[in-house]
> 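Could you have a look at this structure, given as structure tokens, before my questions?
All residue numbers in this chain count up from 1 along the given sequence. Values reported hereafter were calculated over all heavy atoms of this structure, with side chains retained and with hydrogens, waters and symmetry mates removed. The shown structure was predicted, so the numbers you read here are calculated from the model rather than taken from an experiment.
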Amino acid sequence: LNIHLMLKSRSNNEISYLVSPVTGGGINVNRFHQLFVLALQQGRKKPADWADYVSQILNFQQQKIMKDGTPIESNEAQITELTIQANEFALKQLPILKALQIA
């Protein structure tokens with residue numbers, strides 16, 4: 001189920017929960033975090049690789065990341081911001097998602 005939900009997150013941000021077999025319920029996981037987990041499950045090992053994966057999806061859909069209420073226009077700046085987010089995710093949220101058997 002989680003893989004199906006994460007695959008849907010490639011095209012939109014409508015689903016913000018994944019299922020934890022540990023708790024038996026839904027856990028709030030935002031779109032980018034879902035995509036980072038998806039990248040990890042597809043064999044991408046490092047946060048920079050996850051950021052590149054998400055950037056490719058956003059570029060294909062002609063979507064931009066918002067920072068401080070403004071879209072990030074350049075691809076390099078977008079990858080930099082995604083890398084920052086991926087590194088923070090790896091340190092803070094990923095261990096929790098692994099403990100909940102989501103990632």
> CG of Leu58 to CZ of Arg10: how many Å apart, nearest 0.5 Å?
13.0 Å

> Verify, without hydrogens or angle tests, whether Asn2 (side chain) and Val19 (backbone) share a donor-acceptor contact under 3.5 angstrom.
yes

> For the CG atom of Leu82 and the CD1 atom of Ile65, what is their distance to the nearest 0.5 Å?
3.0 Å

> Kindly indicate whether the side chain of Val54, heavy atoms from C-beta on, has any atom under 4.5 Å from the side chain of Phe36.
yes

> Taking side-chain hydrogen bond (donor to acceptor under 3.5 Å, both in side chains) as the cut-off, I'd like each qualifying pair that reaches into residues 84-97, sequence neighbours left out, listed once.
Glu81-Gln85

> Indicate, with yes or no, if Val37 and Leu91 share a hydrophobic cluster defined by side-chain heavy-atom contacts under 4.5 Å among Ile, Leu, Val, Met, Phe, Trp and Tyr.
no

> If you take all heavy atoms of Pro47 and Ala90, which pair is closest and at what distance?
CG-CB, 4.0 Å

> Does a donor on one side chain sit under 3.5 Å from an acceptor on the other, for Asn13 and Asn30?
no

> Hey, does the side chain of Asn59 reach the backbone of Ser55 with a donor-acceptor pair shorter than 3.5 angstrom?
yes

> At what distance, to the nearest 0.5 angstrom, does CG of Leu18 lie from NE2 of His4?
11.5 Å

> Scan residues 40-51 for pairs that pass salt bridge (charged side-chain N to carboxylate O under 4.0 Å, His left out), counting only residues two or more places apart or in two chains.
none

> What's the spacing between Ser11 OG and Gln61 CD if we round to 0.5 Å?
6.0 Å

> Using every non-hydrogen atom in the two residues, find where Arg31 and Ser9 come nearest and quote the distance to one decimal.
NE-O, 2.7 Å

> Among the clusters formed by ILVMFWY side chains lying less than 4.5 Å apart, do Leu94 and Ile84 turn up in the same one?
no

> Considering non-hydrogen atoms only, spot the tightest contact between Ile27 and Leu97 and give its length.
CG2-CD2, 4.5 Å

> Of all the heavy-atom pairs spanning Val22 and Ala99, show the shortest one and how long it is.
CG2-O, 3.6 Å

> Could you check whether atom CD1 of Ile3 has more than 12 heavy atoms from other residues, nucleotides or ligands sitting under 6.0 Å from it?
no

> How long is the span from the CD atom in Glu14 to the CG atom in Leu5, to the nearest 0.5 Å?
12.0 Å

> Does the side chain of Ile102 come within less than 4.5 Å of Ile96's, by heavy atoms?
no

> Is it the case that the side chain of Thr83 and the backbone of Ala48 share a donor-acceptor pair, with hydrogens and angles ignored and the cut-off at 3.5 Å?
no

> Can you say whether the rings of Phe89 and Trp50 are parallel (under 30°), tilted (30 to 60°) or perpendicular (over 60°)?
perpendicular

> Can you tell if the side chain of Met6 reaches within under 4.5 Å of the side chain of Gln41, non-hydrogen atoms only?
yes

> When you measure from the side chain of Asp68 to the backbone N and O of Thr70, does any donor-acceptor pair fall under 3.5 Å?
no

> I need the Gln63 CD to Ile57 CD1 distance, nearest 0.5 Å.
9.5 Å

> Does Lys64 have any salt bridge (charged side-chain N to carboxylate O under 4.0 Å, His left out) partners at least two apart in sequence or in another chain, and if so, which?
none

> Let me check something: do Leu7 and Phe32 share a hydrophobic cluster, defined by ILVMFWY side-chain heavy atoms less than 4.5 Å apart, either directly or through other members?
yes

> On a heavy-atom basis, which atom in Ile72 and which in Gln78 lie closest, and how many Å separate them?
CG2-N, 3.4 Å

